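Structure, as structure tokens:
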Amino acid sequence: MFLENANPLVDEMIQILNPKGEVVKPEWMPELSKEVLLKMYKTMRLSRIIDEKTLQYQRQGRMLTYAPNLGQEATQVGSAAAIRQTDWVAPSFRELGVWLYKGAPLYNIFLYWFGNEMGMKMSEDVRILPISVPIASQMQHATGLAYASRLKGEDDVAVAYVGDGGTSQGDFHEALNFASVKNTANVFIIQNNQFAISTRRAIQSKTRTMAQKALGYSMPGIQVDGNDVFAMYAVTKEAVDRARRGEGPTLIEAYTYRLGAHTTSDDPTVYREESEVEEWRKKDPLDRFRIYLYSQGFWSEAEEEAYVKAQSEFVKETFESVEQSGMTPLEDVFDYVYAEKTPILEAQYQERKAFYAKEGK
Amino acid sequence: MFLENANPLVDEMIQILNPKGEVVKPEWMPELSKEVLLKMYKTMRLSRIIDEKTLQYQRQGRMLTYAPNLGQEATQVGSAAAIRQTDWVAPSFRELGVWLYKGAPLYNIFLYWFGNEMGMKMSEDVRILPISVPIASQMQHATGLAYASRLKGEDDVAVAYVGDGGTSQGDFHEALNFASVKNTANVFIIQNNQFAISTRRAIQSKTRTMAQKALGYSMPGIQVDGNDVFAMYAVTKEAVDRARRGEGPTLIEAYTYRLGAHTTSDDPTVYREESEVEEWRKKDPLDRFRIYLYSQGFWSEAEEEAYVKAQSEFVKETFESVEQSGMTPLEDVFDYVYAEKTPILEAQYQERKAFYAKEGK
Amino acid sequence: MLVLNLIEAITNALDVAMDFDKSVVVFGEDVGFEGGVFRATKGLQAKYGEDRCFDSILAESSIIGSGIGMAINGLKPVVEMQFSGFMFPGFNQIVTHAARMRNRSRGLYTVPMVIRMPYGGGVRALEHHSESLEVLFAHTPGLKVVIPSTPYDAKGLLLSAIMDPDPVIFLEPKRIYRAFKQEVPEEIYTIPIGKAKVVKEGMDLTVVAWGAMVKETQKAIEVLEKEGHSIELIDLRTISPIDKATLIQSVQKTGRFAVVHEAAKSYGPGAELITIINEGAFLYLEAPPMRITSVDTIIPLPKGEHHYSPNVELITSELRQVIEY
Amino acid sequence: MLVLNLIEAITNALDVAMDFDKSVVVFGEDVGFEGGVFRATKGLQAKYGEDRCFDSILAESSIIGSGIGMAINGLKPVVEMQFSGFMFPGFNQIVTHAARMRNRSRGLYTVPMVIRMPYGGGVRALEHHSESLEVLFAHTPGLKVVIPSTPYDAKGLLLSAIMDPDPVIFLEPKRIYRAFKQEVPEEIYTIPIGKAKVVKEGMDLTVVAWGAMVKETQKAIEVLEKEGHSIELIDLRTISPIDKATLIQSVQKTGRFAVVHEAAKSYGPGAELITIINEGAFLYLEAPPMRITSVDTIIPLPKGEHHYSPNVELITSELRQVIEY
Ligand SMILES: Cc1ncc(C[n+]2csc(CCOP(=O)(O)OP(=O)(O)O)c2C)c(N)n1
Ligand SMILES: Cc1ncc(C[n+]2csc(CCOP(=O)(O)OP(=O)(O)O)c2C)c(N)n1
Ligand SMILES: [Mg+2]
Ligand SMILES: [Mg+2]
């Protein structure tokens with residue numbers, strides 16, 4: 001529908017739900033049950049609450065570095081809703097909505113950002129690789145995941161997320177090329193939130209769209225309104241289905257905006273005007289989705305209020321229990337370097353332990 | 001002429017001189033003096049002689065590894081003739097024609113392949129970076145060369161060569177992107193000789209052309225008959241002039257064929273049929289150029305014979321003098337690691353020297 | 001005299017270098033408009049223009065690779081890797097080109113380039129933000145590796161690095177970027193690369209450290225000196241080439257040796273120093289030389305980081321063992 | 001029993017592994033159709049199909065990175081870097097992911113992957129074809145590093161590496177790929193990673209070597225034994241984790257220690273071994289431990305390569321010094 005004749009050199013970006021919450025392309029509207037719609041909305045709403053809370057914790061000095069997703073909820077949840085539970089995700093570090101939608105416990109997510117690796121150990125069923133900090137490198141893993149699925153006779157798709165900044169890395173290019181050449185079941189989603197820390201999108205690439213980079217791999221490339229959850233869902237769904245049928249990979253550019261800071265250690269006022277952010281607030285993905293749900297009678301202000309209240313409490317409690325989780329025990333530092341501690345690691349572990357004992361720690 | 005509206009997704013490759021030596025596109029025919037034409041032809045002819053001789057030396061066990069250019073003479077010399085002497089070249093390792101055209105002494109080239117770094121030390125005026133073995137990495141240097149030229153107020157262009165295999169590396173992508181974003185005076189020439197050692201072009205990329213990779217950088221990309229010296233000249237000239245005027249970089253795909261082995265240590269019969277090579281021999285770049293020159297009365301069989309004879313003798317003498325050049329002296333190994341030997345290197349140098357003295361070497 | 005902390009001293013060094021030498025260009029991720037995530041390049045774009053100080057594309061191989069081209073063609077690039085843990089995509093360009101261009105062309109082309117990287121732990125950061133990778137560079141012929149531990153040294157060493165005709169890896173201990181201030185001359189001055197600094201003299205033991213470990217080691221030494229020991233502290237400052245002479249002379253005097261570092265233990269920098277002592281002062285050794293280092297694990301995230309690298313208590317306890325051996 | 005040279009033993013190991021375990025996949029540049037530039041994978045594509053043995057795109061980061069994804073998703077990739085000097089574009093994936101996935105996910109995801117690379121000099125090759133980079137891997141927690149020196153060991157160690165639950169860097173001394181043949185069992189057998197081999201016992205001196213240096217050292221030892229010395233030779237086989245116990249026991253017996261390697265001297269592997277001996281057998285040392293290594297220069301092209309790494313004469317001369325100290 002979207003992909004076959006997409007021409008990212010000239011096409012307008014795909015939009016179904018406009019900023020006013022109106023369905024402007026009813027013919028493209030995906031068929032989604034009320035249940036799924038509400039799961040999507042609630043996940044986005046929860047993501048927003050988490051981002052707001054963490055900002056607050058950060059101001060209170062209770063938080064380490066954290067990368068907020070504010071403004072990118074539709075990109076993340078719209079795409080996540082289009083993939084199957086057994087499909088793989090190779091994330092970057094700013095995909096809270098995807099984690100939540102795929103069933104990652106918030107406790108784990110907080111634990112990770114709180115500085116404990118144990119957060120990334122969750123049920124295998126979540127099928128998301130751990131947060132990957134080296135920009136764009138995770139895209140290569142996605143190609144291997146998809147290759148392995150096919151070899152094992154499974155039809156799972158592997159979805160990789162990357163930022164607009166990430167498109168500049170060599171790994172971006174190599175992963176797209178591998179997927180194209182091997183025709184693996186991959187979907188690559190660029191979260192073009194207009195910034196790589198302070199560096200604007202225009203500095204990363206002179207191209208009109210990021211989607212047009214797909215042309216270098218003879219792969220469909222398409223630009224989507226990343227603040228439109230339906231457009232994100234519909235296009236991702238087509239790409240995922242296509243990949244699952246063995247018809248190859250797709251590159252999706254989600255055109256969105258990072259409303260918050262890069263991370264809690266970043267001060268965006270250094271490099272952008274508040275007025276620019278204001279303009280983008282008018283395109284808020286959450287607002288337009290809510291208006292739509294209200295208009296359909298799927299959701300009400302009362303429900304909204306109750307949900308926000310309950311989830312705020314949930315987030316608070318979860319964070320507080322993470323705060324109580326304490327420090328990483330010494331053995332955890334040594335136990336996961338290899339399947340079995342090497343003799344050298346064992347000796348180093350014993351030395352540190354003896355030192356703590358001596359110091360009375 | 002070629003670049004403005006080039007569409008590498010659909011365009012036929014540019015050809016001016018067909019395999020029969022006929023000018024099929026007179027309107028595109030570059031204006032080249034007889035003098036320049038003969039310099040180009042002679043360089044190509046010399047390159048061919050060198051490749052034939054080295055094969056012979058190799059069979060006689062007199063040669064180390066060497067990468068022949070057989071079949072790619074027009075790609076190399078056609079493009080080299082279009083650049084100015086002060087323009088920079090960032091080569092890969094298979095650009096003999098470029099070296100010769102830009103004035104590198106054959107003695108130096110042989111000395112290098114004979115296993116002596118001193119070969120790469122030649123007049124600065126040659127303006128070619130030393131042979132670069134790590135695939136595609138040299139493209140990044142070309143961007144910096146061009147950036148520096150502009151900053152210094154000079155209008156030199158930097159031309160980088162890369163192979164079809166090299167297009168798969170991350171460095172290929174990053175260099176094109178840098179050049180596009182910074183609008184540097186770069187021309188990138190892919191010598192698509194259909195192979196990366198044994199690996200066929202189709203395995204490197206699923207794209208119709210290699211030139212279409214330019215679309216990912218909003219840069220002109222164009223496929224050229226790399227066995228047609230005039231097409232290579234004309235397109236490179238337009239790209240170089242354009243770059244010099246500050247209008248930005250270009251990607252040129254020279255469609256050619258490696259008639260010889262990858263290097264003297266490679267046996268191509270393991271991975272390709274002689275019949276395929278035969279087909280390509282019919283498109284020989286040298287033959288068609290010679291036919292053209294004969295037809296114009298610029299060159300004759302007698303001149304050809306005399307030239308080949310004289311140059312064969314020259315190549316033989318040059319190689320023999322390189323054979324006499326002896327081993328690399330110990331100090332050369334230590335003297336160029338840094339501008340000045342560090343104390344540790346000085347000590348290691350003295351140790352090795354003392355050891356040789358003791359052993360009576 | 002200015003009074004600056006370490007990161008300000010670096011900014012100041014870049015400023016005076018750009019002012020003095022028009023060929024100096026400064027770039028890297030977020031280095032231009034915002035002045036870098038640590039603000040090392042703050043104000044430079046405004047002062048020297050976008051051509052000489054700019055935001056690169058997000059690609060370390062491009063940063064180093066284009067820098068090599070610029071250096072060959074007459075500029076002096078001073079590039080930033082946002083954190084040393086992110087230099088890996090650029091490592092190929094560093095090792096196979098920056099370090100080798102002079103040798104490969106027998107001196108025809110050279111790469112006078114500085115690659116700055118914040119390094120080391122102790123800042124409660126995300127994964128890949130706390131690496132100590134000095135060995136990867138120091139084991140690579142053709143590179144010089146410098147690590148300052150004070151604002152004064154940072155400026156003088158960075159200016160030396162910029163003037164150096166060869167590529168210099170300049171590792172900045174980010175943990176002490178803002179730890180303390182020091183008087184720093186306003187004008188250009190240099191501190192020679194390849195010279196260690198005897199921070200304090202002593203008779204019973206030689207301890208070598210660099211970067212953020214110098215301060216930790218100093219604190220440990222204070223404890224031990226109160227117990228009556230006399231300890232010599234050497235700030236290595238240049239990891240490659242090593243100032244062998246200073247180390248060996250010191251051990252010939254003290255007879256005991258220890259090295260403190262943040263890098264992983266096995267195949268770490270301490271091993272080289274201990275071997276140098278073996279080679280140059282074996283007969284003087286009264287106790288086995290000791291290395292006090294991080295463990296051979298992945299650097300833990302903040303909640304486990306305290307288990308990883310040496311702290312004052314560990315250094316004190318270990319040094320006491322060497323002394324009492 | 002088969003009689004195979006080292007490269008044939010590797011091919012055979014890959015063959016039996018692919019036959020035994022359907023999850024083993026083999027790929028890299030030119031690895032599929034042609035069987036690799038050294039023919040290590042010869043015949044495997046024909047036998048096991050293009051899906052399990054294929055030519056990769058020319059991109060080391062993709063080879064390693066996609067291999068990581070495959071390993072996480074149930075395959076056992078055995079990938080080839082055409083030469084170790086070309087692994088640098090893939091180094092980021094090795095260090096930041098292969099080595100860390102287990103730790104990062106606390107055991108949820110692991111990377112049982114083997115990265116094979118021909119390494120070392122002595123084959124009169126072009127630039128970047130002769131590197132000895134074991135330290136770069138061995139200093140990286142999360143990796144194991146193995147180097148065989150005989151056909152028998154090559155097969156047994158490679159099979160161990162393939163069965164290992166963690167990423168293993170498997171460095172193959174290309175100089176001796178075809179140097180000699182040995183009896184090699186047809187079936188699957190393993191040699192434990194982390195165990196050095198005492199090649200020959202001796203009383204006066206312990207010498208450690210690996211890869212192509214084992215044979216050179218053996219020749220030097222023959223010369224010295226004719227002079228009446230008794231020398232113990234240890235083939236380290238695993239560079240990381242080191243078999244400390246075997247080394248220390250040996251030096252406690254002999255009182256003297258030397259290490260021979262092809263890698264550059266400064267911050268090289270020898271430094272780690274000497275430091276381990278200091279830590280574990282200091283009081284037994286009757287002479288300063290010695291390292292006999294390549295020099296700290298760029299590896300020369302063929303006409304200068306003989307100046308670079310240890311040869312029999314140099315090893316003999318140096319070992320004699322340790323013995324006569
Ligand atoms: C290889 C590498 N280089 C640098 C960094 C530091 N860094 C972290 S996030 C970031 C910007 C990423 O921008 P983008 O890809 O657009 O993602 P976003 O943060 O906008 O989600 C940078 C430079 C890194 N993590 N990895
Ligand atoms: C980074 C890197 N990986 C691998 C190699 C080994 N290698 C040398 S040439 C070559 C093939 C290059 O193919 P292509 O780019 O098409 O150039 P051509 O040889 O055809 O001129 C390979 C894989 C290398 N030199 N550098
Ligand atoms: Mg972004
Ligand atoms: Mg090729």
Side-chain angles (χ1 to χ4, degrees), chain A residues 5-11 134-137 139-140 143 162 164-184 186 188 190 196 199-221 223 247-251 253, chain B residues 5-11 134-137 139-140 143 162 164-184 186 188 190 196 199-221 223 247-251 253:
Chain A
N5 299 308
N7 183 352
L9 291 172
V10 296
D11 288 348
I135 298 296
S137 56
M139 296 179 72
Q140 307 266 27
T143 65
V162 67
D164 47 313
T167 64
S168 291
Q169 288 282 12
D171 274 355
F172 171 86
H173 168 71
E174 296 184 12
L176 287 162
N177 195 33
F178 179 107
S180 159
V181 166
K182 290 282 171 199
N183 204 44
T184 42
N186 282 118
F188 302 102
I190 303 171
T199 306
R200 285 179 180 275
R201 150 71 177 84
I203 283 174
Q204 298 298 339
S205 176
K206 215 174 156 180
T207 53
R208 193 183 79 93
T209 66
M210 287 296 192
Q212 84 191 56
K213 293 182 185 288
L215 298 173
Y217 316 94
S218 289
M219 172 190 303
Q223 193 185 48
E247 293 166 25
T250 301
L251 179 66
E253 174 189 359
Chain B
N5 299 308
N7 184 352
L9 292 172
V10 296
D11 287 349
I135 298 295
S137 56
M139 296 179 72
Q140 307 265 28
T143 66
V162 67
D164 47 315
T167 64
S168 290
Q169 288 281 10
D171 274 355
F172 172 85
H173 169 72
E174 296 184 11
L176 286 158
N177 195 33
F178 179 106
S180 159
V181 166
K182 289 284 172 199
N183 203 45
T184 42
N186 282 119
F188 302 103
I190 303 171
T199 306
R200 284 179 180 274
R201 151 70 178 84
I203 283 174
Q204 299 297 339
S205 177
K206 214 174 154 178
T207 52
R208 194 182 79 91
T209 65
M210 287 295 193
Q212 82 190 60
K213 293 182 186 287
L215 298 173
Y217 316 93
S218 289
M219 172 190 301
Q223 193 184 49
E247 292 165 27
T250 301
L251 178 67
E253 174 190 357

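What you see is a predicted model, and the numbers here were worked out from it, not measured in a lab. Chain naming here is simple, since letters A, B, ... match the order of the sequence lines and numbering starts at 1 in each.
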Would you say the side-chain atoms of [X] pair up with the backbone N or O of [Y], donor to acceptor, closer than 3.5 Å?
X        : Y        : result
A:Lys213 : B:Gly216 : yes
B:His173 : A:Asp171 : no
B:Asn177 : A:Ser205 : no

State, to 0.1 Å, how close [X] and [Y] come at their nearest heavy-atom pair, and which atoms those are.
X        : Y        : answer
A:Val181 : B:Ile203 : CG1-O, 3.3 Å
B:Arg208 : A:Ser218 : N-OG, 3.9 Å
A:Leu215 : B:Leu215 : CD1-CD1, 4.0 Å

Selection from B:Pro8, B:Ser180, B:Ala175 maximising heavy-atom pairs under 4.5 Å formed with chain A: B:Ser180
Side chain / backbone / both / neither for B:Gln169 at chain A, heavy atoms under 4.5 Å: both
With only heavy atoms counted, which part of B:Thr167 is less than 4.5 Å from chain A, the side chain, the backbone, both or neither? backbone
For each of A:Ser168, A:Ala211, A:Ala214, tally heavy-atom pairs with chain B at distances under 4.5 Å, and name the one with the top tally. A:Ser168
Inter-residue atom distance B:Leu9.CG - A:Leu9.CG, 0.5 Å rounding: 7.0 Å
Return the NZ to CZ distance between A:Lys206 and B:Phe178, rounded to the nearest 0.5 Å. 12.5 Å
